[in-house]
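Throughout, a chain's letter reflects where its sequence line sits, starting with A, and its residues are numbered from 1.
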Amino acid sequence: MMQIADLLLAWYGENGRHDLPWRHTRDSYRLWLAEIMLQQTQVESAKPYYQRFLDALPNWEALAVAPQDQVLALWSGLGYYARARNAQRAAQKIMTDFAGEFPDTPESAESLPGVGRSTAAAVLASAFAQQRAILDANARRVLIRTQAIRSDPKASKTLQHLWKLAEALTPADAHTYNQAIQDFGAIICLPRHPHCDACPLQRRCLAYAGGLSEQLPLPTRKPEKPERCVFFLQLEDHRGRIFLEKRPDSGIWGGLWCLPQLNQEGSSLPVLCDNQQQVLADGISLRERVRQFCALRHGLTVEVKALTMLQKHVFTHFQLHFRCILATVQDDQIVPGVADQILTGRWFTRENALAEGLPTPVRKILSQTS
DNA sequence: AACGCGTGGAG
DNA sequence: TCTCCAAGCGT
């Protein structure tokens, strides 16, 4: 009787996505990069980024010595930017601590920033033909269904169990099997409405046997999405250049270039949604707050020209409402003395700005108004 | 252990 | 429009 691994391998031979750009290499750099890009990211989203990144930074050394801004520009739009910053740190560690080669044990691989248990296993299996089990969203879902696991899919006890199962099922040819179970999860054992009628594991699937295919995995509770409201300052100088600040590495959009952000203090969403003559809750007019902000933070004297419509950007964990404040600098000069404290701001032409690592909404704003 | 971290496609 | 969630990891 064919076991699950053999059934998956047979299915994969006929139906797998053998044309993916990272499927025909054993180069650890290329395999690792694909794994990092694909974390929490769908194949179709990562595809266009992958080849572009490799063309620009084809090996560990190139990535290790690249300017961080170049790395983030190559990642711009893909999201979860800590992946890009960690990727560069990992490349640097490989150059300094591992003689330019991806390490060949799980412990050492997992010591690289951004490389966890599953990513390490995927690279070791494919680059070095080791028998290592992965446990990503696809493998997790397939195992939960075939074994009819009814516990919380994210609970640590469940994950322990799933890792045991994954390791027990993974055959010697883990490289091929890991691809197989991921393609199977993406094509047949879908998150919603799995194609059980076309499933090669139908007779091995406890969820199918129990009529639970649509109910498993058990849904996880969705945390509430708070709403945040900010203003983005679109400052232009007399030459039409735009002012951007580099965000700190920690937090949202870490390391990216962003429009200066003016937080809305002590006032609620309805105020921000109010008309353009609004006055903030502290009694200072928006126009005056902008002028203070630019003077204190950037040493710039500005004139507020306009306020755009309310726009929205949705993250996984919160919703961002924002307006852009259009303003011009009057004298094109950074105040001497204050300039020393301006570590994070620079003027860009539109074209140069769009070549940098920008958050998606900022890229949209700058593209629209150019 | 629970939360922070992006974006886009599907239904 | 809204909901779900995707090749996870760091803290």
Could you please name the option among B:dG6, C:dC9, C:dA7 that lies closest to any side-chain atom of A:Arg23? C:dA7

Which listed nucleotide (B:dG8, C:dG8, C:dC4) is nearest to the side chain of A:Arg192? C:dC4

A:Gln42 atom CD is separated from B:dA10 atom P, nearest whole Å, by 8 Å

Under 4.0 Å between any heavy atoms, over every strand shown, what does A:Pro113 touch: base, sugar-phosphate, or nothing? Just pick one. sugar-phosphate

Taking the same atom, C1', in C:dT11 and in B:dT7, what whole-Å distance lies between them? 23 Å

What is the distance from CG of A:Asn86 to C1' of B:dC5, rounded to the nearest Å? 11 Å

Closest-nucleotide 5' rank along DNA chain B - winner of A:His193 and A:Gln40: A:Gln40

Is the backbone N or O of A:Leu326 less than 3.5 Å from a side-chain atom of A:Lys305, with the two atoms forming a donor-acceptor pair by type? no

Please check: side-chain N/O of A:Arg132 versus main-chain N/O of A:Ala125, any donor-acceptor pairing under 3.5 Å? no

Do A:Thr316 and B:dT7 share a donor-acceptor pair, side chain to base, under 3.5 Å? yes

Of C:dA7, B:dG8, B:dT7, the nucleotide closest to the side chain of A:His313 is B:dT7

Counting just side-chain N and O atoms, does A:Trp253 come under 4.0 Å of either OP1 or OP2 of B:dT7? yes

Classify the side chain of A:Arg17 and the base of C:dA7 as holding, or not holding, a donor-acceptor pair under 3.5 Å. yes

Just call it for A:Thr41: base, sugar-phosphate, or nothing, with non-hydrogen atoms closer than 4.0 Å on any strand. base

Say you pick atom P in C:dG10 and the same atom in B:dG8; how far apart are they, in whole Å? 24 Å

Say whether A:Arg23 and A:Gln179, considering side chains only, have a donor N or O and an acceptor N or O under 3.5 Å apart. yes

Could you check how far OH of A:Tyr80 sits from C1' of C:dC9, rounded to whole Å? 10 Å

From the options B:dC5, C:dT3, B:dT7, select the nucleotide whose nearest atom is closest to the side chain of A:Pro361. B:dT7

Within the 4.0 Å heavy-atom criterion, would you say A:Leu112 contacts the bases, only the backbone, or no part of the nucleic acid? sugar-phosphate

